[in-house]
Amino acid sequence: MAAIGVHFGYTCACVAVFKIVGIAAKQGRIRNATNTVVKVKQILGRHYDDPDAQAHREESKCIVVNKSDLPRYEIDTGETTKYVSPEDVAKLIFHKMKETAQSALGSDVKDAVITVPFEFGEMQKNALRQAAESAGFNVLRLIHEPSAALLAYGIGQDSPLGKSHVLVYKLGGTSLSVTVLEVNSGMYRVLATQTDHRTGGESFTHELAQHLAAEFKKTFKQDVMGNARAMLKLMNSADVAKHTLSTLGSANCFVDSLYDGMDFECNVSRARFELICSSLFNKSIQPIKSLLEQVNLSTSDINKVVLCGGSARIPKLQQMIRDLFPDVELLNSIPPDEVIPVGAAMQAGILVGKDSLALGEDSITVDCCASDITVKEVDDSGSEVFTVLFPSGTPLPARRQHTLHGPGSLSSVSLELYQAQRPIAQVSTLLSDISVQT
Ligand SMILES: *[C@@H]1O[C@H](CO)[C@@H](O)[C@H](O)[C@H]1NC(C)=O
Ligand SMILES: *[C@@H]1O[C@H](CO)[C@@H](O)[C@H](O)[C@H]1NC(C)=O
Ligand SMILES: *[C@@H]1O[C@H](CO)[C@@H](O)[C@H](O)[C@H]1NC(C)=O
Ligand SMILES: *[C@@H]1O[C@H](CO)[C@@H](O)[C@H](O)[C@H]1NC(C)=O
């Protein structure tokens, strides 16, 4: 049985089989900007009059109209004009995620854990859940993005005792969010979170595209800043260069027929990119400081920092975060854009392994066992042996396999499960019944 985790982002969506959609649409934007829907997550589950919906309408190249106080995208299909709801767009994205997961796994996939931003309200959560369900998913649970990030790294399992603070830094395509969580006996509690919808990876791409336009002007004495089509081409080229600069020291930008049949080529070094974007780097770090002030913590109170979002790959950004938290473990071993879906997929895997679990409610916090769960056995000499099955702090639900040893002549077995010193369950079973569940 397979279950997957889906992170439905503002710019890209990611399923825990590590495929990303959004790239094709980024290209399509050039040919068909007015019929390309971007950042649908911003408007999902909102009324037309909602200030966030209005902000989205103003920046969307695709026309957004008011249908009985609900937003609809106006899409020109060439023959007719169609009105598409944000929920339908989300459904298409989920459908694509489902297909991606199925082709990667070679089997049907229904069960999924979906992540939501911490600040999503009930209406938005319901809209997201419904979109996923109408795409054919059985939504096991909605979990908060920062909690998924912690799960991906198993935080709370390694040091179950005592309180610690974790900062989740997420720089996505078009949003920046910073969250401080308290981890206590494996439980996650969000202390505060801040999201800035004006800063994201695209801001960096935009700065770089402006630089490319200036270079073009220097060489060809032509100003393309006001030419939307040329600027989109530069944005795509800048986007590729930005990705290259996360691993290499320099990147080549080439745009075929940028303007009036003229091709454009230039090289950008990483140092140059860092200089061009220096104020953006400052802006991307600032929310960490204001968030810590808000919760009255200093950088030395933070025990771990988790990086998420594709743009958190940028080396300079990682360096600035390291400088801010010199003694703190910076968790970046999982590719940042995959952290959240990986955490969701781990949760999904645990949930499907435990079919007796009631899945009715959305669980936003992740429950963990507060003390060790042990099983008591009696060995050959008749003395009691306790084995820890779930160390305290294990996120729940959880699944463990435990092998019992005994003489070959046993026909039945009785197990006692303990939480700390307290018995919590007693299971007696005939051995023909090999799998014991509780
Ligand atoms: C949107 O439509 C609803 C109902 O049709 C109307 O009450 C509302 O005033 C409209 N909102 C705007 C901003 O035009
Ligand atoms: C960019 O760098 C490559 C490799 O170093 C070089 O061949 C090319 O001429 C450079 N292009 C420009 C426009 O400087
Ligand atoms: C970024 O912040 C640092 C320290 O706060 C400051 O010295 C520097 O001038 C800032 N740079 C920009 C481009 O704002
Ligand atoms: C902030 O934390 C410091 C040190 O822990 C403490 O002395 C101070 O009273 C706290 N301030 C507020 C407003 O909680």
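All ligand and atom numbering here is 1-based and tracks the order in the structure. Side-chain atoms are counted along with the backbone in the values below, which use heavy atoms only and exclude waters and symmetry mates.
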Are there any protein N or O atoms under 3.5 Å from the N or O atoms of ligand 1? List them with distances, or say none.
unit_1	atom_1	unit_2	atom_2	d
ligand 1	2 (O)	N66	OD1	3.0
ligand 1	2 (O)	N66	ND2	2.5
ligand 1	2 (O)	D69	N	3.4
ligand 1	11 (N)	D49	OD1	2.9
ligand 1	11 (N)	N66	ND2	2.8
ligand 1	14 (O)	N66	ND2	3.3

Could you label the plane-to-plane angle of the Y73 and H56 rings as parallel, tilted or perpendicular, counting under 30° as parallel and over 60° as perpendicular?
perpendicular
Do ligand 2 and N267 have nitrogen or oxygen atoms that lie under 3.5 Å from each other?
yes
Run the numbers on E145 and K41 for salt bridge (charged side-chain N to carboxylate O under 4.0 Å, His left out), then give the verdict.
CA-CA 14 Å; E145 291 168 2; K41 187 177 173 185; 2.9 Å; yes
Ligand-side contact atoms (ligand 2) for residue partner E265, heavy atom cut-off under 4.0 Å
11 (N), 13 (C)
At what distance, to the nearest 0.5 angstrom, does OH of Y169 lie from CD1 of I285?
4.5 Å
Correct closest heavy-atom pair for A148 and T115 would be CB-CG2, 3.9 Å
If we ignore hydrogens and angles and just use 3.5 Å, is the side chain of Y188 paired with the main-chain N or O of I155 as donor and acceptor?
yes
For a quick test of your reading: what N or O donor-acceptor pairs under 3.5 Å do the side chains of residues 252-264 make, sequence neighbours left out?
unit_1	atom_1	unit_2	atom_2	d
N252	ND2	E265	OE2	2.8
N252	ND2	N267	OD1	2.8
D263	OD1	S257	N	2.6

May I ask you to establish whether K67 and Y83 are in a cation-pi arrangement, using a distance under 6.0 Å from NZ or CZ to the six-membered ring centre and at most 45° from the ring axis?
yes
